[in-house]
Number of protein chains: 2
Amino acid sequence: MSREGRTTLRDVAEAAGVSVATCSYVLSGRADRTTPLPEPTRRRVEEAAGRLGYKGNTAARSLRRQRSELVAIVYAPPVGPWLDHLTAQSEDIAAAHGYSVIGVPVRRLDRAAQSLRVITRGHVDGAIFVGGLSDELDLTAARRSTRALMAFSDTLEMPGVDVVRNNARTALAEATTYLIDAGRTRIAFLSHTGAQEDRYLGYVDALRRAGREVDPGLVRIGAAAREDAVLVVRELLDAPNPPDAIVSESDRGGFAALQAAVDRGVKVPDDLAVIGTGNTREASYSQPPLTSVGMHQLDFTEMVEALFARIDDPTLPARELNMSWVLNHRASA
Amino acid sequence: MSREGRTTLRDVAEAAGVSVATCSYVLSGRADRTTPLPEPTRRRVEEAAGRLGYKGNTAARSLRRQRSELVAIVYAPPVGPWLDHLTAQSEDIAAAHGYSVIGVPVRRLDRAAQSLRVITRGHVDGAIFVGGLSDELDLTAARRSTRALMAFSDTLEMPGVDVVRNNARTALAEATTYLIDAGRTRIAFLSHTGAQEDRYLGYVDALRRAGREVDPGLVRIGAAAREDAVLVVRELLDAPNPPDAIVSESDRGGFAALQAAVDRGVKVPDDLAVIGTGNTREASYSQPPLTSVGMHQLDFTEMVEALFARIDDPTLPARELNMSWVLNHRASA
DNA sequence: TTGTAAGCGTTATCAG
DNA sequence: CTGATAACGCTTACAA
């Protein structure tokens with residue numbers, strides 16, 4: 001090997017007795033796919049590459065090709081199992097394009113720039129921002145550093161950025177209205193951060209539309225972690241005037257509500273209706289199964305294909321994909 | 001900008017009226033930190049860089065420096081919340097070294113090579129293989145492609161690879177013995193894949209040591225997904241001769257057992273003792289809290305520091321870190 | 001104190 | 001069909 005480190009193309013070339021250029025041609029294919037393939041030398045090169053364990057050097061390739069063949073999924077932990085679905089489907093599609101998928105966790109929004117260096121320093125050709133992340137972050141630096149950007153957001157409008165609309169506000173209003181129509185009078189909301197976000201506003205919309213006021217005592221923070229949620233819901237149930245329904249900003253919070261109800265001997269859905277958000281697979285299997293707002297099916301194919309379409313041609317007009325959430329009825333409400 | 005794309009160092013140099021080399025010194029620091037800093041030009045360069053939004057190009061930097069300033073955490077979904085802990089701690093330490101952290105999900109072992117391209121093609125300087133992943137995968141290619149490799153494994157021995165020992169087999173034997181000593185006679189095992197792995201063998205060890213035989217009817221697959229686990233445990237409880245204890249290879253399976261017990265009106269721990277694996281934070285909050293085999297505290301600092309020590313100096317002798325699992329007693333067993 | 005120039009490993013262009 | 005050769009953007013001896 002050239003130094004002490006990894007096998008380079010030059011090592012392969014020497015071993016095969018051909019030029020570096022030819023090796024590159026054989027191993028990576030030629031941009032203008034003119035001639036099919038030169039059979040005799042080809043085997044020599046491939047044999048040498050295999051024998052030396054040639055693996056290529058992405059830094060060099062990226063520098064030359066101006067492509068990293070990497071896409072990132074940017075998310076804020078903790079995340080539900082749906083991220084696994086997205087990752088899985090992304091990997092399949094990415095593989096078909098010769099790409100790999102990496103995950104970029106953003107733990108603290110105040111240090112997001114640090115986490116996003118992977119994106120902003122040009123490490124990836126495309127990135128998908130999941131959850132509401134794109135609403136909290138400044139994407140301008142990221143957009144200038146990648147060929148394609150895709151964001152789950154109901155509000156974002158940014159030139160050259162494709163967006164996926166969940167219409168969360170509408171969907172949560174629908175869920176809340178369903179509870180109102182079912183005769184529930186004290187509907188609590190279990191929130192992620194307490195911010196006046198889309199999901200919460202949907203809850204408010206529905207109450208207002210029914211001529212009701214928001215009872216601040218029924219709006220609680222705790223949907224982010226199951227253990228917190230259990231404590232919060234127990235507290236709600238122990239109060240003198242407990243809720244008869246709970247809408248949670250996550251399924252995690254929904255499951256916690258089911259558990260807290262068991263702890264307190266409260267019957268679901270008779271005494272307490274519970275609706276979660278996310279429509280995770282687990283919702284079908286909980287006891288009772290959890291009614292949940294979310295995508296009906298976890299099919300992200302169209303979205304990921306759109307990302308790769310933009311990687312191929314960044315001048316494409318920005319797309320707006322509709323993946324509206326719906327209310328998936330189960331036994332808990 | 002030089003072409004149509006991102007701002008390059010040359011753009012900054014032209015704007016600041018200095019050479020490319022000077023800009024590099026100012027923006028990336030000089031390797032041999034001889035002179036402190038040339039104040040007047042420095043500001044000019046930084047001003048120009050800021051104004052043009054210079055972000056650097058990792059491909060070029062990596063190629064030249066032979067460092068990507070990236071470390072990967074390689075894992076097989078689904079994973080518990082402890083991965084978030086590891087990620088969080090890794091990010092903090094990585095940031096202190098000027099590094100970023102990415103996640104590399106390996107979904108299917110038969111396509112692992114595809115997922116690991118990020119590693120084997122030299123994209124990262126170091127990688128941590130979590131779970132039993134390193135036992136299922138061939139790490140030789142990965143080792144040749146990074147400066148540092150760290151693996152959670154109780155068995156792996158590989159030159160130049162640091163390992164973390166959980167001693168899972170011993171820990172699961174301890175848990176099972178605890179149940180035996182408590183008078184449990186029909187102890188079931190909820191397995192991940194059904195393979196004769198460490199954790200299962202610990203269970204077997206304990207039974208044998210107590211002079212008992214393994215009852216194949218009590219060994220079931222289902223610990224990987226909560227919904228599967230619930231069904232499997234319900235089935236066990238419905239059988240004519242149900243278990244009076246369950247050891248699960250995951251906390252996920254443990255929670256499912258608790259839930260199935262509620263579904264079937266079986267009292268925990270009186271009629272059924274349940275022990276999980278992983279000692280996730282949620283175990284403290286479940287109803288009842290779940291006794292669990294796992295790390296007592298989720299502190300990965302030493303491990304991550306060791307990774308960076310090896311990135312700094314790959315000739316370091318391989319280390320073996322002991323992070324033995326223990327039985328964390330709670331109400332479920 | 002700042003600039004020149006030689007690469008890092010690969011791919012694309014263009015002769016041979 | 002194959003091989004020089006010049007970039008890609010950056011870092012770093014070394015020279016000025």
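Residue numbers begin at 1 in each chain, while the letters A, B, ... track the order of the sequences.
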Would you indicate, yes or no, if [N] has its OP1 or OP2 atom less than 4.0 angstrom from a side-chain nitrogen or oxygen of [X]?
{"X": "A:Thr41", "N": "D:dT2", "answer": "yes"}
{"X": "B:Thr8", "N": "D:dG9", "answer": "no"}
{"X": "A:Ser28", "N": "C:dT10", "answer": "no"}
{"X": "B:Tyr54", "N": "D:dC10", "answer": "yes"}
{"X": "B:Ser24", "N": "D:dC10", "answer": "no"}
{"X": "A:Gln66", "N": "D:dG9", "answer": "yes"}

Discussion item. Suppose the criterion is ring pair (Phe, Tyr, Trp, His ring centres under 6.0 Å): which pairs have a residue in residues 52-77 of chain B, not counting sequence neighbours?
Written reply: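 Counting only pairs at least two positions apart or across chains, no ring pair (Phe, Tyr, Trp, His ring centres under 6.0 Å) contact touches residues 52-77 of chain B.
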- prompt: Of the nucleotides D:dT12, D:dA4, C:dC8, which has the atom closest to the B:Leu63 side chain?
  reply: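 Of the options given, the side chain of B:Leu63 lies nearest C:dC8.
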Between [X] ([atom1]) and [N] ([atom2]), how many Å, whole number?
{"X": "B:Arg10", "N": "D:dT11", "atom1": "CZ", "atom2": "P", "value": "15 Å"}
{"X": "B:Arg67", "N": "D:dT11", "atom1": "CZ", "atom2": "P", "value": "14 Å"}
{"X": "B:Arg61", "N": "C:dG9", "atom1": "CZ", "atom2": "P", "value": "18 Å"}
{"X": "A:Leu9", "N": "C:dA12", "atom1": "CG", "atom2": "P", "value": "12 Å"}
{"X": "B:Asn57", "N": "C:dT10", "atom1": "CG", "atom2": "P", "value": "17 Å"}
{"X": "A:Asp11", "N": "C:dC8", "atom1": "CG", "atom2": "C1'", "value": "14 Å"}
{"X": "B:Glu14", "N": "D:dG9", "atom1": "CD", "atom2": "P", "value": "13 Å"}
{"X": "A:Lys55", "N": "C:dG9", "atom1": "NZ", "atom2": "P", "value": "17 Å"}

Ignoring hydrogens and angles, answer whether the base of [N] and the side-chain atoms of [X] contain a donor-acceptor pair closer than 3.5 Å.
{"X": "A:Arg65", "N": "C:dA12", "result": "no"}
{"X": "A:Tyr25", "N": "D:dA4", "result": "no"}
{"X": "A:Arg64", "N": "C:dT11", "result": "yes"}

Let me check something: any side-chain donor-acceptor pairs from residues 93-100 of chain A under 3.5 Å, sequence neighbours excluded? List them with distances.
residue : atom : partner  : partner atom : Å
A:Tyr99 : OH   : A:Asp125 : OD2          : 2.8

Under 3.5 Å, which donor-acceptor pairs do the side chains of residues 299-308 of chain A form with other protein atoms, sequence neighbours left out?
residue  : atom : partner  : partner atom : Å
A:Asp299 : OD1  : A:Thr301 : N            : 3.0
A:Asp299 : OD1  : A:Thr301 : OG1          : 2.5
A:Glu302 : OE2  : A:Arg319 : NH2          : 3.3

List in numerical order all residues of residues 113-122 of chain B for which some heavy atom is under 4.0 Å away from an atom belonging to DNA chain C.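 Under 4.0 Å from DNA chain C: no residue of residues 113-122 of chain B.
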Original post:
When the C1' atoms of the five terminal pairs at each end define the local axes, what inter-axis angle does the helix from C:dT1-D:dA16 to C:dG16-D:dC1 show, to 10 degrees?
Top reply: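 Taking the rotation axis at each end, their angle is 40°.
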Review point. Looking across every strand, which nucleic acid part, if any, lies under 4.0 Å from B:Val20 by heavy atom: base, sugar-phosphate, or nothing?
Key: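 If one applies the 4.0 Å heavy-atom cut-off, B:Val20 turns out to touch a base.
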Would you list the pairs meeting salt bridge (Lys or Arg N to Asp or Glu O under 4.0 Å) in which at least one residue belongs to residues 90-99 of chain B, sequence neighbours left out?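 Listed by first then second residue: A:Arg107-B:Glu91, A:Arg107-B:Asp92, A:Arg111-B:Asp92.
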Worksheet item: Is there any salt bridge (Lys or Arg N to Asp or Glu O under 4.0 Å) pair reaching into residues 145-162 of chain A, and which pairs are they, with sequence neighbours excluded?
Response: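 Applying salt bridge (Lys or Arg N to Asp or Glu O under 4.0 Å) to every pair that reaches into residues 145-162 of chain A, excluding sequence neighbours, yields A:Asp162-A:Arg310.
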### Query
Pick the nucleotide of DNA chain C nearest each of B:Ala21 and A:Ala60; which residue has the one closer to the 5' end?
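Result of the comparison: B:Ala21.
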- Please list, chain by chain and in numerical order, all residues satisfying salt bridge (Lys or Arg N to Asp or Glu O under 4.0 Å) with A:Arg61, sequence neighbours excluded.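 Once residues adjacent in sequence are excluded, the partners of A:Arg61 under the salt bridge (Lys or Arg N to Asp or Glu O under 4.0 Å) criterion are A:Glu69.
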The criterion is salt bridge (Lys or Arg N to Asp or Glu O under 4.0 Å); which residues satisfy it with B:Asp198, sequence neighbours excluded?
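With neighbours one apart ignored, the set is empty.
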| field | Shortest non-hydrogen contact between B:Ala60 and B:Asn57, atoms and distance | value |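 Closest heavy-atom pair between B:Ala60 and B:Asn57: N-OD1, 3.0 Å.
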Please answer whether the main-chain N or O of A:Arg121 pairs with a side-chain N or O of B:Thr58 as donor and acceptor at a distance below 3.5 Å.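 Present.
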Between B:Ser145 (side chain) and B:Thr120 (backbone), is there a donor-acceptor pair under 3.5 Å?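 Checking the backbone N and O of B:Thr120 against the side chain of B:Ser145, a donor-acceptor pair under 3.5 Å is found.
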